Protein chains: 2
Amino acid sequence: MDQINIEKSPRVGIAEALALAIHEHRLAPGTKLGEDDLGEIFGVSRTVVRAALQKLAHDRLVELKRNRGAFVAKPSVREAREVFEARALVEPPTARAAAERATAEDIAALEKHIDAEHAAIEAGNAGAALYLSGLFHLEIARIADQTTIAAFIDQLIARSSLIIALYWQRRNALCESHAHHELLKAMADHDGDRAEELMTSHLVDLHTSLDLRNTQTAPRSLREALEV
Amino acid sequence: MDQINIEKSPRVGIAEALALAIHEHRLAPGTKLGEDDLGEIFGVSRTVVRAALQKLAHDRLVELKRNRGAFVAKPSVREAREVFEARALVEPPTARAAAERATAEDIAALEKHIDAEHAAIEAGNAGAALYLSGLFHLEIARIADQTTIAAFIDQLIARSSLIIALYWQRRNALCESHAHHELLKAMADHDGDRAEELMTSHLVDLHTSLDLRNTQTAPRSLREALEV
DNA sequence: GTCGCAACAATTGTATACAATTCGGTCGAC
DNA sequence: GTCGACCGAATTGTATACAATTGTTGCGAC
């Protein structure tokens, strides 16, 4: 819990801070998020902490158990499958629309994202790289000019981060940044067909790089294995 | 506000009660939802009212203006377009999946929904009919066994209800229940192609039955016309 | 008469106090 | 020795009190 070194942060919401920590894998799935603890860390009362936790719970990033507290969510394999199926359904058409609409500034913004992603990988900060990788997808949705779908994708990306934390198989570095490069190229060429196709295969790659065979999420204790 | 006749309701969340009221057009877009008022109506303190309002705000059913309060959302024409574009993207494939998976019980459940919808129309309760019409779509997502997408569709349906309240053009009765019948038939036949196709045209019909020409949401006062 | 300013009323934002529930441990019975 | 129940600490759920912000209304100056 104490890896969050934000004390009395000026004006960044604590929900955003927690979401970022989850994105970057600094908060592991299953971590208990006590209201008093968070309140002390952020220098606010439980009231505002609860509001943040409820927001995160609605985004399925934390699980709220009645009278038990908030925990970083641990998506089941079924949930993991559903999330990636949803992404496979929504993101390719969005990438197509983005490719057809993208302006020069949009392309530049995407390039900046990829650069930042590479920088994070160079720096050995895998968590930040993962987060920036997600931002790349979100930026595409933004370019497509569909804020409603973008919000949905945002949620799916956040949950994907949890899923990756739980089920990531390949221990080698993120080999997918190449896919982002290709996507960028397709969008720069306004090639909607190729962008859609690339996004589809990119998501398939991501999905198949997970180990979703186990029906249970490797419980560390008997209690976890049997809890409802 | 006082058209909500639920006083000290035993165990139905007040967020659900408000959502239902919005669904059924008993709460018009723009209606102010004062915390004290709601607290008194439901017999709870502002604490729980605020939690409910935040949940509804996250679903885009109410708009939270800082230090000003909560209001039933008034989707812009752009938002309306986006919502129906999102539905057009997501629902047809879902209908296909549902058609391929539907069991006899699923078909029976859908029939029950249609019957209830007809009964509401007979009774002249247009609000309830609209709500049940939405439930039909949600049930299809449930049959498709995609809870993540179902949750998204749920949100889109709820927002559609607001959009219909604002932009509905045809003053005659809901002529669309025929479309639901056809969809039901396609699903009973496990005809995925036809189900997807029917859903697409059904959503197009719905979309085109709206009046989204005006760039502004028919403001009743200069204040509304100029407010950000 | 209109514009600007100021004080007020009303409502939300936040903190704190209290009640309710759960979990863990310990004692006791079999 | 094991199982069960009771009790206590800890944490969440809810209510209430207080602070801060906003919109309005009234007064006064130009």
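Below, all heavy atoms of this structure are taken into account, side chains as well, without hydrogens, waters or symmetry copies. Below, read A as the first sequence line, B as the second, and so on, with proteins coming before strands; counting in each chain starts at 1. Everything quoted here is computed from the prediction, not taken from an experiment.
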- Looking at the side chain of A/Asn67, which of D/dT14, C/dT12, C/dT21 is the nearest nucleotide? C/dT21
- Message: Please report the distance, rounded to the nearest Å, between CD in B/Gln54 and C1' in C/dT12.
- Response: 12 Å
- Query: Between A/Leu38 (CG) and D/dT11 (C1'), how many Å, whole number?
  - Reply: 13 Å
- Note on the structure: Assign each of A/Thr47 and A/Ala70 the nucleotide of DNA chain D bearing its closest heavy atom; nearer the 5' end lies the nucleotide of A/Ala70
- Query: When the distance from CD1 of B/Ile14 to P of D/dG13 is rounded to whole Å, what number comes out?
  - Reply: 16 Å
- Check the distance between C/dT11's C1' and B/Glu35's CD and give it to me in whole angstrom. 8 Å
- Query: Side chain of A/Arg50: nearest nucleotide among D/dG23, C/dC23, D/dT14?
  - Reply: D/dT14
- Query: Do any side-chain nitrogens or oxygens of B/Arg66 fall under 4.0 Å of OP1 or OP2 in C/dG13?
  - Reply: no
- Salt bridge present between B/Arg78 and A/Asp145 (N-O < 4.0 angstrom): yes
- Ionic contact status for B/Glu35 with B/Arg50, cut-off 4.0 Å: yes
- Nearest whole angstrom, please: distance from the P of C/dT16 to the CZ of B/Arg46. 16 Å
- Taken to the nearest whole Å, NZ/B/Lys65 to P/D/dG23 is 10 Å
- Item | Rounded distance in Å - CG (B/Asp36) to P (D/dA17) | 12 Å
- B/Arg60 and B/Glu79 ion-paired at < 4.0 Å: no
- Note on the structure: Separation of C/dT12 atom C1' from B/Glu63 atom CD, nearest Å, is 16 Å
- Message: Between A/Lys32 and D/dT12, is there a contact of a side-chain N or O with OP1 or OP2 at under 4.0 Å?
- Response: yes
- Task: Please name the residue in the list B/His23, B/His137, B/Gln155, B/Arg87 that meets the side-chain hydrogen bond (donor to acceptor under 3.5 Å, both in side chains) test with B/Ser160.
- Result: B/Arg87
